[in-house]
Every structure is written in C-alpha cells, then in structure tokens.
Amino acid sequence: MNFNSILYTLLAGALIALGYALIRAIWIYKQDVKVKRLKEIGGYVSEGAMAFLSREYRVLVPFVILIAAFLAIGNKGALKLQSLSFILGAVTSALSGFIGMKVATASNSRTTQAASDKGLNGALKIAFSGGSVMGMSVVGLAMLGLFIVLIVTTGIFGTSEKALSEIVLPIITGFSLGASSIALFSRVGGGIFTKAADVGADLVGKVEAGIPEDDPRNPATIADNVGDNVGDVAGMGADLFESFVGSIAGAMILGLTVSANDDLKIKLMLLPLLFVSAGVVASLIGTFFVRTKPGKSPQKALNAGTFGAAIIATIFVLIILKFFIGDSIFNGHSGMFHIFGSCIIGLIAGVVIGLTTEYFTGTDTKPVTSIMKSCETGAATTLITGMGVGMVSAFPCIIIIGAAIWCSFLLSGLYGIGIAAVGMLITLGIQLSVDAYGPIADNAGGLAEMSEFPPEVRDITDSLDAVGNTTAAIGKGFAIGSAALTAIILFTSFKQQSGIASVDLTSVPVLVGLLLGAVIPYLFSSMAMGAVGRAAHKMIEEVRRQFKEKPGILTEEEKPDYKRCVDISTSAALREMLLPGIISVVTPILVGFLGGPNMLIGLLTGVTASGVVLAIFMSNAGGAWDNAKKMVEAGGAGGKGSEAHKAAVVGDTVGDPFKDTAGPSINILIKLMSMVSLVIAPMLKSFWG
C-alpha cells in the first residue's frame with residue numbers, strides 16, 4: 001500500500017463510523033414517544049442540555065481564536081498552518097459533543113417508552129444505539145479530521161521523512177491541541193453543571209424534604225438529568241476524543257524516531273492509522289453482539305459487544321502487521337510480533353484497569369460493602385472509609401499502567417508505548433458506546449419516575465441504570481489508563497521535537513519543574529471542587545426558596561421552576577470553567593519560555609505522576625461512595641430513611657465532584673499540558689537555541 005492508499009483507508013474508516021452513526025440516529029428519531037408527559041419532560045432535558053452546550057461553545061470561541069492567533073504569530077513558515085489545524089481540532093471535537101448530546105437526549109425518553117412497550121431488550125437496544133451514535137461520531141470525526149490534515153499537508157509538502165517530521169506531524173499536533181482544549185472545558189464545565197444540580201437535588205430533596213430521587217416535585221431534578229448528559233456524554237466523549245487523537249499523533253511521531261530505514265519509519269508512522277481503521281470495523285461488528293432477553297443481565301450483552309470487538313480487532317491487527325510490516329527489523333527486533341505484543345498489552349491493560357476499577361467501585365464488592373457498613377456509624381466514618389478505598393485503589397491501577405509501559409517498551413522501545421496507547425483505544429467506537437449508554441439509561445429511569453410509569457417499567461430502567469454505573473466506572477478506568485500512556489508518549493515526543501538528548505533529574509531546573517508539576521493537579525482540583533461547592537450552594541438556596549415560597553410544590557398543587565435551576569448550573573459552569581482551563585494552557589508556555597525545555601520536562605513528569613494517581617483516587621473514591629449509597633437504598637444498613645442512609649448521601653455528595661468533575665478533568669489536564677508543550681517545542685528550540 002502506498003502513502004495515499006493508507007490515507008484513503010483512514011477516510012473509509014471515518015465514513016463507515018459516521019455512516020453508522022447517521023443510520024442509528026435516524027432509526028432512533030423514528031421511534032415514537034406516545035406518552036405526552038414523557039415527551040414534555042424529555043423535552044425539558046433536551047432543551048436544557050442543548051442550551052448549555054450552545055452557550056458553552058459561544059464562550060469558547062474567543063479562546064479558540066486567541067490560541068489560533070498565538071500559533072499563527074509564534075510559528076514560522078509552514079508551521080503557521082498549525083493555527084488552522086488547531087481550529088479544525090476544536091471544531092470536530094465540539095461537533096462530536098453536539099451530535100452525541102443531541103441524540104442522547106432524544107434516546108432517553110424513547111428508552112423509557114420502549115421499556116413500557118417492548119421490555120428489556122427493546123429498551124437496551126435504544127439506549128445502546130444512542131450511546132453508539134456518540135461513540136462512532138467521536139471516532140469518525142477524529143479520523144476525518146486527521147485525514148483532512150494529512151491529505152492537505154502531504155499534498156503541499158510531500159511525504160519525505162524530513163517533511164513528515166518537521167512539518168506534517170507538528171501540524172497534526174495542532175489538531176490534537178484543538179481537541180484537547182475543547183475537551184478540558186467540556187469536562188470541567190459539564191462536571192460543574194452536573195454536580196451543582198446533583199448536590200442540590202440530593203441534599204434538599206432527599207435529605208431535607210424526604211422525597212425520592214428523580215421526583216418531579218424537586219426543582220433541581222431536570223437540571224440533574226441535564227447534567228448527566230453534559231457531564232457523561234459530551235464531557236466523556238470530548239475526553240476520549242482527545243485521548244484517541246493524542247495517542248495516534250504521539251505514536252506517529254515516535255514511529256519516525258526508531259532505528260530503521262526511511263521506508264520502514266514511514267510505515268511505522270502510518271501503522272496507527274491502519275489500526276484505528278480496523279478498530280472501527282471491529283467496533284461496528286461488536287455492536288451486533290449487544291442483545292439480551294428478559295431475566296438476563298444487560299451487562300452480559302454489553303460485555304459480549306466489547307470483548308467481541310476486542311477479539312476481532314486483535315485478529316485484524318495481526319493481519320495488518322503480517323502484510324504491512326512482515327519480518328522487517330527495527331530497533332534490533334523483529335517488527336511484526338513485537339509490535340503486535342505492544343498493541344495487545346495496551347488492549348489488555350485497558351480491560352484489566354476497567355475490571356480493577358469495577359472491583360473498587362461496584363456494588364456488593366468488598367471495598368464498597370465496607371463503606372456501606374461504615375455508614376451505620378455516621379458521615380465521618382463514611383468519608384474516612386471511602387477515602388481509604390480510593391487511596392488503595394490507586395496502587396493496583398498504577399502497577400498495571402507501569403507494567404504496560406515497561407513491557408511494551410521492552411518489546412518495541414518508545415514506539416511500543418505509543419502502540420500500546422493506540423491499542424488501548426483501538427475499539428474506542430464500542431467502548432464509548434457502552435459508556436455513553438450509562439447516562440441514557442440513567443435518564444430513562446428518571447423520566448419513568450417523573451412521568452409516573454408503572455413500577456415494572458422503572459424496574460427495567462433500573463436494571464439498565466445499574467449496569468450503567470458499572471460501565472461509567474470502567475469508562476473512567478479506560479480514560480485514566482489512556483491518559484497515562486498518552487501523556488507519556490506526548491512528552492517523550494516533546495523531548496524528541498525539542499532536541500533534548502538527555503535529562504538530569506538532579507538538576508535544579510528539572511527539580512523545580514517536578515515540584516511545580518506535582519502540585520498543579522491539586523491546584524486544578526481545588527478550583528474544580530470549589531466551583532462545584534459555590535454552584536451547589538446557589539442551587540441549594542434556590543431549591544429551598546422554591547419549597548418555602550411555593551409550599552404547593554410538595555403537595556403537587558404548584559409546579560417547580562425547573563428552568564431557574566438549569567440556568568443556575570449553566571451560569572456557574574460557564575463562569576467557573578475558564579480559569580482552570582487557562583492555567584492548563586498557560587503554565588507549560590510560561591515554564592518553557594522562562595525556565596527552559598529541561599524545566600518543562602520536569603513539569604510534565606511531575607504533573608503526569610501526580611495527576612494520574614490523584615485522578616484514580618478521586619474517581620474511584622467517588623464511585624465507591626455512590627454505589628455504597630445505592631446498596632443502602634437497596635435495603636442494606638437500615639435502608640432508605642435511616643441514619644445510615646443520610647450518612648451515605650453525604651458520602652455520595654462529597655464523592656460526586658470527586659468522580660464527575662475534578663477526577664476525570666485531571667486526565668485531560670495532564671494530556672493538554674503535554675500537548676501544549678509538544679506544539680511549542682519548535683518555538684522553544686528556536687528561542688533557546
């Protein structure tokens with residue numbers, strides 16, 4: 001295969017993914033919502049979600065223009081095109097979030113209706129189809145964006161090794177930076193929105209007023225359901241969009257640094273594009289395995305799709321390597337089987353991290369049961385035990401990530417780490433489909449409650465939602481694992497691009513950078529947590545005000561003002577998300593130009609090591625508190641209304657911004673800082689000589 005043939009293979013993969021997403025979206029919209037009340041409340045959720053997203057994107061336009069101008073002014077010659085690729089990355093990332101959100105908010109009410117009309121399998125089909133539109137849109141638009149950048153730049157500058165390494169790949173990093181920038185704001189903004197609503201709904205509605213979750217009398221309940229979408233659909237989609245693009249870009253850069261002839265170097269650079277194209281087909285086939293029957297667990301159906309796609313992708317990877325790499329030698333190794341091993345290590349590591357995350361956060365597991373029991377002695381012991389579970393969960397996850405990095409390096413050098421990162425996300429199409437399914441199922445249950453469907457309908461949506469909690473935890477595990485590997489290959493690529501031969505960890509600039517990098521995730525998390533606290537305070541005051549001024553709400557004689565609560569979350573999210581995002585972009589630029597490339601290497605090392613551990617701790621502690629509360633509500637430790645239940649709600653409330661705002665946002669923080677550094681590497685090389 002020649003260079004352009006591989007690029008058109010990438011385009012074919014993108015069109016397959018987008019074509020599938022379009023067909024599924026059309027099918028979803030054809031499903032009828034018969035119940036007027038369901039259609040009305042579903043409309044509130046959809047309207048609130050899309051209004052937030054459109055306002056968020058309008059706020060981000062000046063930021064995108066500013067960074068694009070910086071890239072155009074700061075770069076020389078052909079690299080000025082980085083500014084255009086940055087805009088393309090931002091636009092495609094935003095577009096994937098818009099498409100995913102639009103279809104997800106149309107799928108939730110249709111899932112509820114299907115649960116009533118067609119039972120478990122019908123509801124599962126719609127919920128998963130809605131998630132698959134998000135998954136395939138993310139993969140398809142990422143691949144389409146990469147194709148556009150590659151076909152244009154190679155058409156202008158050629159495909160020689162020098163043109164690829166000095167012009168084409170640096171311009172691709174601009175595309176990845178655009179995706180990363182939108183991802184951070186989507187994650188932070190969505191996380192602040194959803195947790196402000198969730199905390200207000202829980203503390204005032206469940207604890208003070210004693211009404212059930214998703215009760216339509218709670219003014220914050222619509223905002224809470226909107227938040228599930230802006231945080232876990234648009235936010236998670238943007239997170240994995242930039243992980244996907246970043247891992248591909250990093251692996252392509254490292255492909256040109258191996259010890260081999262020029263022809264093989266270019267092949268290794270292009271190999272990730274073939275892998276992800278095969279991954280699209282494998283994910284598409286995997287979607288057909290997602291089927292279930294009454295009485296069977298939806299988890300098994302989703303696992304069948306995920307593991308089926310992984311097995312098929314493994315076969316495709318082996319075939320590609322056989323015909324594309326064969327027995328070629330690089331770094332003194334036989335290329336085919338060493339690269340295959342690195343790719344499979346990444347794929348297995350992602351699965352194992354997901355299973356480990358499930359153990360520490362899933363219902364009825366030993367760690368979560370210990371938190372449930374601690375609820376019997378009050379909120380303090382609930383918080384202490386949950387924090388302990390989160391802390392200890394970081395250890396096995398770091399061991400898995402470290403083993404994946406070390407083993408893939410032994411097999412194929414630094415390029416092997418890049419391929420492991422690509423392997424972890426090779427079936428992202430179906431991984432993200434399963435993850436986005438979660439908030440759709442959650443919303444479906446809330447809509448069933450608010451629309452007063454019979455208990456058997458809520459039983460079906462609850463069974464879907466219970467699985468959704470697990471898929472969300474596994475999705476966060478994948479995101480953390482991919483963040484660690486992607487960040488490592490990005491700042492390794494930065495070292496290559498900036499011309500640094502070696503780094504002395506005992507030198508003062510590096511040590512200063514390490515310390516500064518280690519504290520950045522804590523500063524960032526403090527801002528995110530503080531933002532949630534301030535926004536939640538306003539939400540709590542608003543819900544209390546409505547209950548006080550409209551006592552007829554609780555007796556169903558008056559209607560709550562849902563829009564006011566949505567507006568509070570929206571305004572807070574848009575106001576509070578800017579400073580953490582700006583710090584993430586500006587810090588590596590300041591350190592690079594004021595302290596030099598070696599200090600910047602120290603910064604990236606510190607932020608990656610500190611950030612990955614903190615992200616695991618926060619995400620898993622929050623997930624464990626959430627499911628401990630669900631175990632209490634299911635009848636454990638005294639059940640609903642007990643003192644243990646109140647303690648569990650406090651734990652869940654503290655854990656909400658841990659797992660849905662600060663924790664997941666750190667993943668993007670460490671990747672964004674590495675990507676900014678990689679983009680400015682040519683500028684630093686010129687500035688410092």
Side-chain angles (χ1 to χ4, degrees), residues 37-38 40-56 59 101 104-105 108-109 188-235 439 442-451 528 530-577 649 652-653 656-657 660-661:
R37 174 73 170 159
L38 176 62
E40 178 188 357
I41 296 176
Y44 290 152
V45 174
S46 179
E47 181 184 334
M50 299 316 298
F52 169 78
L53 207 60
S54 61
R55 286 177 63 180
E56 181 181 52
V59 168
M101 179 90 86
T105 54
N108 51 20
S109 57
V188 175
I192 294 169
F193 184 108
T194 184
K195 292 306 108 183
D198 200 0
V199 169
D202 277 359
L203 288 184
V204 183
K206 293 169 73 172
V207 176
E208 294 182 10
I211 58 179
E213 190 169 1
D214 295 318
D215 192 300
R217 293 172 292 175
N218 192 330
T221 193
I222 294 294
D224 189 9
N225 280 275
V226 169
D228 289 337
N229 291 286
V230 300
D232 288 336
V233 177
D442 188 8
N443 267 201
L447 293 176
E449 181 77 27
M450 288 184 276
S451 304
V532 171
R534 288 186 291 274
H537 179 75
K538 290 182 179 179
M539 184 67 71
I540 289 168
E541 286 187 330
E542 174 60 23
V543 176
R544 285 174 175 167
R545 182 193 68 79
Q546 290 196 33
F547 282 156
K548 183 178 180 181
E549 295 180 6
K550 295 181 178 181
I553 289 176
L554 292 175
T555 58
E556 301 186 44
E557 295 171 355
E558 294 181 86
K559 288 189 69 173
D561 184 355
Y562 299 125
K563 287 187 177 180
R564 176 62 186 148
C565 291
V566 171
D567 187 60
I568 287 173
S569 271
T570 300
S571 300
L574 297 180
R575 183 178 62 254
E576 301 276 7
M577 72 179 185
V649 171
D652 180 40
T653 304
D656 273 339
D660 290 326
T661 307

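Remember, predicted model here, so these are calculated numbers, not experimental data. All heavy atoms count here, side chains included; hydrogens, waters and symmetry mates do not. Numbering of residues begins at 1 and proceeds along the displayed sequence.
- With rounding to the nearest 0.5 angstrom, the CD atom of Q546 is 8.5 Å from the CD atom of E549.
- You'll find the side chain of K538 stays beyond 4.5 Å of the side chain of S569, heavy atoms only.
- For V226 against G48, the heavy-atom pair with the smallest separation is CG1-C, 3.7 Å.
- Shortest non-hydrogen contact noted between G189 and A573 is O-CB, 3.2 Å.
- Rounding to the nearest 0.5 Å places CD1 of I192 at 9.0 Å from CZ of R575.
- The NZ atom of K550 sits 5.5 Å away from atom CG of D561, with the distance rounded to the nearest 0.5 Å.
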Pair K548-E542, salt bridge (Lys or Arg N to Asp or Glu O under 4.0 Å): steps then yes or no: CA-CA 10 Å; K548 183 178 180 181; E542 174 60 23; over 6 Å; no
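- The line from CZ of F193 to CD1 of I568 is 10.5 Å long, rounded to the nearest 0.5 Å.
- The backbone N or O of A448 sits nowhere less than 3.5 Å from a side-chain atom of S451 that would complete a donor-acceptor pair.
- Partners of T105 under the side chain to side chain donor-acceptor pair (under 3.5 Å) rule, at least two apart in sequence or in another chain, are S46.
- In this structure R564 satisfies the side chain to side chain donor-acceptor pair (under 3.5 Å) test with no other residue, sequence neighbours excluded.
- Under the rule for a side chain to side chain donor-acceptor pair (under 3.5 Å), the partners of E576 that lie at least two apart in sequence or sit in another chain are R534.
- To the nearest 0.5 Å, the span separating CG on L53 from OG1 on T570 amounts to 10.5 Å.
- Taking CG from L447 and CG from N108, the interatomic distance works out to 5.0 Å, rounded to the nearest 0.5 Å.
- For the pair R544 and E541, the salt-bridge criterion is not met [side-chain N within less than 4.0 Å of a carboxylate O].
- Listed here is the closest heavy atom pair of A51 and S54: O-OG, 2.9 Å.
- Residues V566 and F52 have side chains not in contact (no heavy-atom distance under 4.5 Å, counting atoms from C-beta outward).
- Salt-bridge annotation for R55 and D567: present, with a side-chain N of the basic residue lying under 4.0 Å from a carboxylate O of the acidic one.
- Closest approach of G191 to V532, counting heavy atoms only: O-CG2, 4.4 Å.
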